[in-house]
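What follows is one structure encoded as structure tokens, with my remarks underneath.
Nothing here was measured: the structure is a model prediction, and the numbers come from that model. All residue numbers refer to positions in the sequence shown, counting from 1.
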Amino acid sequence: MAGVSGPTRLTGFSGQLDTDSLIKKLMDTEKVPLNNLLKKKQLTLWQREDYRTMNTSLLSLRKTIDDLRFENKFEAVKSNSSNPTVLEVTSSGTNPGISNVKITQLANSGSIISDKVTKLPTEQLNVSGSFTIEGSDPNNSVQITVSADSTIDSLVKQINGSAAKTGVKASFDRSSGVLYLNSTSTGAQSAVKVTDDTNGTFKNLFGNIPLTSQGQDAKYNVNGKDITAKTNDVIINGVQVSLRSQGEATIGAVADHSAVADKIKNFVKQYNELIDQYTEATTAKRNRDYKPLTAEEKEGMTEAQIALWEKKARQGDLYNDGMLKETLQTLRSALNMPLEGITDPADPKSQLRLLSQIGITVKNDFRENGKLEVDEAKLNDALNTRFKEVVQLFTKTSSTPSDTPENIKKRRSEMGIGDRLYEVMTAQLAKFTKKIGLGSNESLDDSVLGKQLKEMGTRETDLQRKLREIEDRYYKKFSAMEKALQKLNSQGSWIGSQLKG
């Protein structure tokens, strides 16, 4: 039989002993300590994996609160155009205000348009010659060769194949029979130029048309100031716009408090999801009837059965976990701590110091485990009437050093909700890293679980070696027993033959 990582043996020569089966049963008993260790190792790997899931959720929440730590994150602006057919707002900026815009000229590209071509785009031209295409840089011109079997489609392909060099692209409108040559950029610096050969090949094919074209800049006036641009996509007072046609339009830009409200509500949503996730992990009890499966146990099961079993077996691996419970408690304390050290406004009675003052409160139902709820009307009222104070509630900083426990407490009370939570979560994430490390799930690093896995790996190697030694001893003993039985059988046969004689 194949032993514990051992060789394949030939046994049973006496014909009276099923050696392999007997030794397998004996080894099943001997392997109990190894199987228990492997089960413990699997539980540790599952636990590490679940810790990583919890760590990822906390990282995600920290990233969300990062949007509420700095004043510039609250400076969202909502912009609109009074005349979108003249000027279209494509992206709001960060500067609230009004801009009066008058557009007198749009930017365009250099463009050459042919006369109507009588041949079909796939029809052979039966012409030989050449012409040169050039864009804004004469040093990057390309010669286009025309042969008798060339077609309009093949010429367009030639021109476009060199567009990256020349900055000129071609297109053919099949319905009108017209060839277009356009520079790939706009503005006064863009250009298209065709240089015909001495036979006039280009003009013979596409008509007696101008062979040069220059682009032009956009020209517009903002609040009395004349401006030119190479493109029609410009930024006016921090607002991204597209110039659409000549005319006048007004850009209205106001602070967008709804965007800030959305960020705050998104944080509350993620925070509540984290509470659900951590609470479920720490309250789900282990089912002692389900333990990790050994390789032998998996052999008689389907993949679906294995998956269902392992789902139950890993349940409760973070039951009553101290680090997760500490994380929740730390976050709750940080959220409920009043903001201190406010100088504007000076009157303490009119200061915003708590989230509850802007409509964010803890749910009354104890079964909600401290989840938050948002009174949107109260939040919007605070943003619209006390915006600067709301910003301060989230972004205020502290100069108090974090060198003693007392100073840490004082520092956090002086920090806005955003900075305070970010600092608290960073400290908790460091504890996660110490527990599970930064590498792969099975990495043997210096984290707490990494060291445990390393120790179990050493014990596993030792047990495997001992099992091989035990198995070898069993085979030697059974081999000796088989030889003795074989000798006894031989003697019995000899005695029997003598008696018969």
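For the residue pair Asn182 and Ser109, the shortest heavy atom distance occurs at OD1-OG, 4.0 Å. Listed here is the closest heavy atom pair of Ile275 and Gly370: CD1-O, 3.6 Å. Across all non-hydrogen atoms, the minimal contact from Trp46 to Ala313 is CZ3-CB, 3.8 Å. When all heavy atoms of Ala253 and Val239 are compared, the closest pair comes out as CB-CG2, 4.4 Å. Closest heavy-atom contact between Ala170 and Val156: O-CG1, 3.8 Å.
Between Glu414 and Lys396 there is no salt bridge, since no side-chain N of the basic residue sits under 4.0 Å from a carboxylate O of the acidic one. Lys371 and Asp276 are joined by a salt bridge, as a carboxylate oxygen and a charged side-chain nitrogen come within less than 4.0 angstrom of each other. Under the 4.0 Å criterion applied to side-chain N and carboxylate O atoms, Lys363 and Glu373 are not assigned as salt-bridge partners. Electrostatic pairing of Arg69 and Asp66 counts as a salt bridge here, judged by a charged N lying under 4.0 Å from a carboxylate O. A salt bridge links Lys31 with Glu296: at least one charged nitrogen is closer than 4.0 Å to a carboxylate oxygen. Using a cut-off of 4.0 Å between Lys/Arg side-chain N and Asp/Glu carboxylate O, Glu310 and Lys298 are scored as salt-bridged. We find that Arg48 and Asp445 are joined by a salt bridge, their nearest charged nitrogen and carboxylate oxygen being less than 4.0 Å apart.
For residues 420-443, the set of pairs meeting the ring-ring contact (aromatic ring centres under 6.0 Å, His included) definition, not counting sequence neighbours, is empty. Counting only residues at least two apart or in different chains, salt bridge (charged side-chain N to carboxylate O under 4.0 Å, His left out) contacts with residues 259-272 comprise Asp262-Lys265, Lys265-Glu376, Lys269-Glu273. Pairs of residues two or more places apart, or lying in two chains, that qualify as salt bridge (charged side-chain N to carboxylate O under 4.0 Å, His left out) and include a residue from residues 313-341 are Glu49-Arg314, Asp50-Arg314, Glu326-Lys431, Glu340-Arg353.
The residue from Leu372, Thr64, Leu355 that alone fulfils the side-chain contact (heavy atoms from CB on, under 4.5 Å) condition with Val268 is Leu372. With respect to Val241, the side-chain contact (heavy atoms from CB on, under 4.5 Å) criterion is satisfied by exactly one of Thr90, Val234, Ile235: Val234.
No more than 12 heavy atoms of other residues, nucleotides or ligands shown are found within 6.0 angstrom of NZ on Lys78. Taking a 6.0 Å sphere around NZ of Lys40, one finds it holds 12 or fewer heavy atoms contributed by other residues, nucleotides or ligands. Counting heavy-atom neighbours within 6.0 Å of Glu280 CD, excluding the residue itself, gives a total of 12 or less.
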Got a list of side-chain donor-acceptor pairs under 3.5 Å for residues 448-456, not counting sequence neighbours?
none

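Side chains of Ile264 and Leu379 form a contact here, defined as non-hydrogen atoms less than 4.5 Å apart. Within the 4.5 Å cutoff, side-chain heavy atoms of Leu331 are placed close to those of Leu274. A heavy-atom distance below 4.5 Å is not found between the side chains of Leu293 and Lys39.
No side-chain donor-acceptor contact under 3.5 Å links Ser81 and Glu88. Remark: the Asn407 side chain and the Thr400 side chain contain no N/O donor-acceptor pair separated by less than 3.5 Å. Counted by atom type alone, Ser175 and Asp173 present one or more donor-acceptor pairs between their side chains at under 3.5 Å.
The line from CZ of Phe70 to OG1 of Thr395 is 9.5 Å long, rounded to the nearest 0.5 Å. Note that NZ of Lys434 is 12.0 Å distant from CG of Asp446, once rounded to the nearest 0.5 Å. Taking CD from Glu389 and CG from Leu352, the interatomic distance works out to 4.5 Å, rounded to the nearest 0.5 Å. Atom CD in Glu423 sits 6.0 Å away from atom OG in Ser402 (nearest 0.5 Å). Rounding to the nearest 0.5 Å gives a distance of 8.0 Å between CD1 of Ile417 and CD1 of Ile65. Atom CG of Asp419 is separated from atom CZ of Phe394 by 12.0 Å, given to the nearest 0.5 angstrom.
Evaluation of the salt bridge (Lys or Arg N to Asp or Glu O under 4.0 Å) rule for Asp375 yields no partner, not counting sequence neighbours. The side chain to side chain donor-acceptor pair (under 3.5 Å) search around Asn232 returns none, not counting sequence neighbours.
A side-chain donor-acceptor contact under 3.5 Å links Trp309 to the backbone of Lys291. With hydrogens and angles disregarded, a donor-acceptor distance shorter than 3.5 Å links the side chain of Asn384 to the backbone of Asn380. Looking only at distances, a side-chain donor or acceptor of Glu123 sits under 3.5 Å from a matching main-chain atom of Leu120. Not one N or O on the side chain of Ser162 forms a donor-acceptor pair closer than 3.5 Å with the backbone of Ile159.
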>> Could you walk me through whether Tyr290 and Gln315 satisfy the side-chain hydrogen bond (donor to acceptor under 3.5 Å, both in side chains) test, starting with their C-alpha distance in whole Å, then the side-chain angles of each, then the deciding distance to 0.1 Å, before giving a yes or no?
In response: CA-CA 9 Å; Tyr290 292 86; Gln315 176 183 305; over 6 Å; no
> Is there a side chain to side chain contact (heavy atoms under 4.5 Å, CB included) between Glu460 and Leu38 once you walk through the steps?
Replying inline: CA-CA 8 Å; Glu460 180 183 349; Leu38 292 176; 3.5 Å; yes
